[in-house]
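Right, one structure below, let's go through it.
Any value given below was found using the heavy atoms of this structure, including those in side chains, with hydrogens, waters and symmetry copies removed. Quantities reported herein were computed from a predicted structural model and do not represent experimental measurements. Remember, it's 1-based here, ligands and their atoms both numbered in the order they're listed.
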Amino acid sequence: MQLIWFRQDLRVQDNTALWHATQAGPCIAFVAISPEQWALHDDAPIKVDFYLRQLQSLKIQLDNLNIPLIIQHIPLWNEIPQALLQLAQQLNIKTLHANIELGLNELKRDAATQQLLENTNIPLELYHDRTLFPVGSIRNKTQQPYKVFSAFKKNCYEQLIISLPQCYPAIEAQTPLSAHPLFTTSHCQLEDFVPAHVTDEQRVLWPISETYAVTLLDQFLNDKVEYYQQERDFPNLDSTSRLAAYLNIGILSIRQTIQGLFRLQQGHFHIDNLGQQTWLDELIWREFYQHILFDFPQVSKHQPFKINTNNIQWRDAAQDLHAWQQGQTGIPIVDAGMRQLLATGWMHNRVRMITAMFLCKNLLIDWRLGEQWFMQHLIDGDLSANNGGWQWCASTGTDSVPYFRIFNPVSQSQRFDASGDYIRQWVPELAHLDAKQIHEPYAKDKNLHLNYPQPIADLKQTRIRALEAFKAI
Ligand SMILES: Cc1cc2nc3c(=O)[nH]c(=O)nc-3n(C[C@H](O)[C@H](O)[C@H](O)COP(=O)(O)OP(=O)(O)OC[C@H]3O[C@@H](n4cnc5c(N)ncnc54)[C@H](O)[C@@H]3O)c2cc1C
């Protein structure tokens with residue numbers, strides 16, 4: 001009997017570990033519900049809710065394949081090796097299969113499981129699944145990991161030209177297994193773990209199921225990818241794929257995504273338009289940050305990539321941090337983004353950059369506090385991409401923006417939300433202002449009566465303060 005252990009890969013289509021497990025013999029599936037561990041990782045309630053909803057959908061898919069799914073409540077991962085050993089022995093498991101996960105705690109959990117199970121001759125087979133190319137395989141001429149995106153991307157393009165990663169064939173239903181008490185008795189009720197405060201309005205924004213994710217991908221590729229390069233930076237347009245949440249918990253695989261992107265080229269690497277290329281580059285940014293996480297695990301331990309940036313004198317400014325978190329900074333584009341995050345669990349990429357840079361440059365608040373807040377609220381929260389995005393904005397990361405290139409949020413707003421419609425949607429107090437005034441409502445008249453805060457930071461002065469803080473190190 002084979003045991004397939006699902007983690008951040010909740011799908012039956014094109015799942016490397018599931019494919020190998022089913023090829024080796026009859027299968028049983030396992031998932032651990034670990035709310036305490038998820039809380040330690042700052043997983044957002046909306047993301048946990050999304051995960052639990054998809055788990056129900058996965059169970060139905062597995063039922064159709066006659067693969068029983070055992071769901072156990074194991075609060076912390078350090079209890080997983082023992083629980084899995086017990087389960088494997090009770091079910092007479094020959095091999096345990098799972099897809100590799102890259103965070104430090106994930107690697108530790110898997111190493112401990114592997115060690116414990118090996119003592120009883122039950123191997124844990126781990127597969128590369130989450131990335132286009134196995135971590136550790138994209139190397140420069142001296143066999144070192146890349147630290148710069150453009151060189152990493154060039155290497156990825158070369159690999160893609162040789163061959164695009166292929167999807168695994170569909171899995172056929174297995175012969176039903178004889179009933180085992182564990183298939184029913186060890187189950188926990190998923191409803192018991194649904195986080196409070198996630199609303200149905202939020203759930204509607206993020207439907208689950210593999211079919212939905214594939215449809216979302218198809219719609220994006222049919223209708224939007226061609227215009228992606230021109231439109232992706234405008235937060236008022238619905239021009240990006242919104243697939244990150246689906247890729248992150250594995251409802252969709254990265255191979256399905258890349259095969260979809262090149263479907264009109266019959267699965268060969270051939271770039272037809274700038275939109276397609278720009279979107280591919282975003283997928284490679286995702287790839288880059290996952291490889292960074294593997295090669296430089298300090299980023300998983302709250303350490304900056306550039307160690308000397310630990311010497312920056314961040315401000316201890318609880319009130320400013322709170323205003324930023326709640327979308328009450330008095331800088332409309334920043335507040336719009338922060339409120340979009342609270343309301344929907346998602347924020348447009350351009351606005352993620354603007355809000356992040358405002359926090360760590362203008363407010364000079366430690367990027368790790370922003371990283372944590374994003375993780376606690378994003379439905380697509382992912383350690384590698386979130387950390388990479390934050391360290392890029394804070395100029396502490398691998399290939400980050402130079403410290404002296406500080407976005408001015410008002411100019412960004414005028415450029416990327418020229419009509420002010422994005423601000424109007426999320427900051428209704430300003431909805432009546434015209435396209436000129438809305439980006440900086442108090443610019444001409446500080447005594448204007450608006451039910452909206454005055455800016456908490458003077459953009460010019462705080463820019464100079466940030467430059468000095470960075471120069472000082
Ligand atoms: C401060 C900050 C924090 C971020 N936190 C996260 C996070 O926790 N999780 C996350 O998945 N992305 C994160 N990003 C990257 C990016 O903002 C999101 O991936 C994107 O907005 C998701 O929307 P989408 O699926 O419509 O993306 P699309 O524009 O359609 O892009 C396609 C896919 O490419 C990947 N991608 C796009 N941009 C990036 C990027 N800059 N870095 C890595 N991957 C990228 C995502 O998987 C995305 O789904 C962050 C960016 C910043 C600046």
Given a heavy-atom cut-off of 4.0 Å, could you list the residues near ligand 1 in chain and number order?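 Ligand 1 pocket, heavy atoms under 4.0 Å: Tyr228, Thr240, Ser241, Arg242, Leu243, Ala244, Leu247, Asn248, Trp279, Glu282, Leu283, Trp285, Arg286, Tyr289, Trp346, Asn349, Arg352, Met353, Ala356, Phe374, Leu378, Asp380, Gly381, Asp382, Ala385, Asn386, Gly389, Trp390.
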May I ask you to test the Pro304-Asn310 pair for a side-chain heavy-atom distance under 4.5 Å?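 Of all side-chain heavy-atom pairs linking Asn310 with Pro304, at least one is under 4.5 Å.
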Which pairs with one or both residues in residues 325-346 pass salt bridge (Lys or Arg N to Asp or Glu O under 4.0 Å), sequence neighbours excluded?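 Of all non-adjacent pairs touching residues 325-346, those that pass salt bridge (Lys or Arg N to Asp or Glu O under 4.0 Å) are Arg339-Glu429.
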Cationic tip of Lys361 above Phe470 ring, under 6.0 Å, 45° of axis: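 Yes, a cation-pi geometry.
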Taking only residues two or more places apart in sequence, or in another chain, which ones meet His377 in a ring pair (Phe, Tyr, Trp, His ring centres under 6.0 Å)?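 Testing His377 for ring pair (Phe, Tyr, Trp, His ring centres under 6.0 Å), a comparison that skips the adjacent residues, returns Trp373.
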Taking ring pair (Phe, Tyr, Trp, His ring centres under 6.0 Å) as the definition, give me every residue that meets it alongside Phe193, ordered by chain and number, with sequence neighbours left out.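 Phe193: ring pair (Phe, Tyr, Trp, His ring centres under 6.0 Å) contacts with His73.
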Atom CG of Asp223 with >12 non-hydrogen neighbours under 6.0 angstrom: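 Yes - once you tally the heavy atoms of other residues, nucleotides and ligands closer than 6.0 Å, there are more than 12.
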